[in-house]
Amino acid sequence: MKKLIVLLLAVAMVFTLAACGNQQTPVEEPEKTATESAYKGTYDVLKMATNAAFPPYEYKEGEDFAGIDVEIATAIAKELGAELEIVDMEFDSIIASVQSGETSFGMAGMTVTDERKEEVDFSSSYATGVQVVIVAEDSDIASLDDLEGKKIGVQLGTTGDFYATDDYGSENVTQYGKGADAVIALKGGDVDAVIIDNEPAKAFVAENEGLKILNTEYAVEDYAIAISKDNADLLADINKALEKLTADGTIDAIIAKYIKAE
Ligand code: ARG
């Protein structure tokens with residue numbers, strides 16, 4: 001009996017030692033290096049075409065650029081091993097700049113539309129936008145129907161511009177270079193309403209007294225990154241990077257930093 005116990009103890013010790021031995025020599029994962037990167041291209045500098053007058057997606061803080069798109073683009077560039085350079089321009093010029101190769105991609109709270117898809121490729125969507133209507137607090141405009149025959153301000157070349165022109169007639173639409181200028185025109189009584197994306201609308205209404213956003217969703221849209229049709233590798237790489245940054249929570253964290261849940 002005693003012998004049996006000794007034997008069992010010995011066997012148990014061997015197992016314990018073996019287990020310890022195992023712990024001391026963990027299987028080492030080979031370190032991933034940039035050369036083993038899953039990406040198709042190699043990039044030194046990625047140039048982002050934007051219109052930095054569209055808070056909270058892109059705006060200037062003194063000399064610096066800030067916002068959701070700026071931070072997501074920075075994370076994508078880092079993921080692709082590149083430095084991000086931001087090229088600020090008119091919103092209306094972004095697609096041409098991407099097409100000509102002057103910039104690598106366009107990111108500007110840009111809505112995916114069929115017309116634009118004929119000119120550029122779009123990445124997977126990283127955010128949703130809603131077109132809304134801003135009016136003066138004491139306005140008699142309460143619904144989309146009330147906009148009929150009213151003066152509408154928009155940012156030139158945006159989907160708000162296209163919808164307003166299609167639905168209410170170009171004679172009723174005034175195009176401004178910046179959304180903020182349309183809002184100033186609204187405050188000054190030059191237009192009766194502004195049609196613009198919901199998050200910039202909230203930012204502009206918060207900055208300007210006497211304005212409100214109508215409780216009506218004009219259109220729900222997907223925002224995505226515009227890439228030249230000649231740059232399929234970059235499109236694939238940006239989509240892959242976006243996928244990774246979505247899976248690891250980076251994109252949600254960036255959006256949550258700028259858009260507080262209501
Ligand atoms: N989402 C709208 C569009 O694509 C407006 C975007 C305006 N963006 C800007 N950075 N100004 O037409």
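In this text, all values refer to a predicted model and were calculated from it rather than measured experimentally. Indexing begins at 1, ligand by ligand and atom by atom, following the structure's order. Note: hydrogens, waters and symmetry copies are ignored here, and every other heavy atom, side chains too, is used.
Of all heavy-atom pairs between V154 and I195, the closest is CG1-O, 4.0 Å. Nearest approach of Y126 to I251, heavy atoms of both residues: O-CG2, 4.2 Å.
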Could you go through ligand 1 and list every pair where one of its N or O atoms sits under 3.5 Å from a protein N or O, giving the atom names and the distance to one decimal?
| unit_1 | atom_1 | unit_2 | atom_2 | d |
| --- | --- | --- | --- | --- |
| ligand 1 | 1 (N) | G109 | O | 2.8 |
| ligand 1 | 1 (N) | T111 | OG1 | 2.8 |
| ligand 1 | 1 (N) | D197 | OD2 | 2.6 |
| ligand 1 | 4 (O) | T111 | N | 2.8 |
| ligand 1 | 4 (O) | T111 | OG1 | 3.3 |
| ligand 1 | 4 (O) | R116 | NH1 | 2.8 |
| ligand 1 | 8 (N) | A108 | O | 2.7 |
| ligand 1 | 10 (N) | N51 | O | 3.0 |
| ligand 1 | 10 (N) | E58 | OE2 | 3.0 |
| ligand 1 | 10 (N) | A108 | O | 3.3 |
| ligand 1 | 11 (N) | N51 | OD1 | 2.8 |
| ligand 1 | 11 (N) | Q155 | OE1 | 3.0 |
| ligand 1 | 11 (N) | Q155 | NE2 | 3.4 |
| ligand 1 | 12 (O) | R116 | NH1 | 3.4 |
| ligand 1 | 12 (O) | R116 | NH2 | 2.9 |
| ligand 1 | 12 (O) | T159 | N | 2.8 |

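Residues satisfying the ring pair (Phe, Tyr, Trp, His ring centres under 6.0 Å) test with Y59, not counting sequence neighbours, are none. In terms of the ring pair (Phe, Tyr, Trp, His ring centres under 6.0 Å) criterion, Y176 has no residue partners (sequence neighbours excluded). Partners of F204 according to the ring pair (Phe, Tyr, Trp, His ring centres under 6.0 Å) rule, which considers only residues two or more places apart in sequence or in another chain, do not exist here.
Ion pair D121/K229 flagged as a salt bridge, since at least one NZ, NE, NH1 or NH2 atom sits closer than 4.0 Å to an Asp/Glu carboxylate oxygen.
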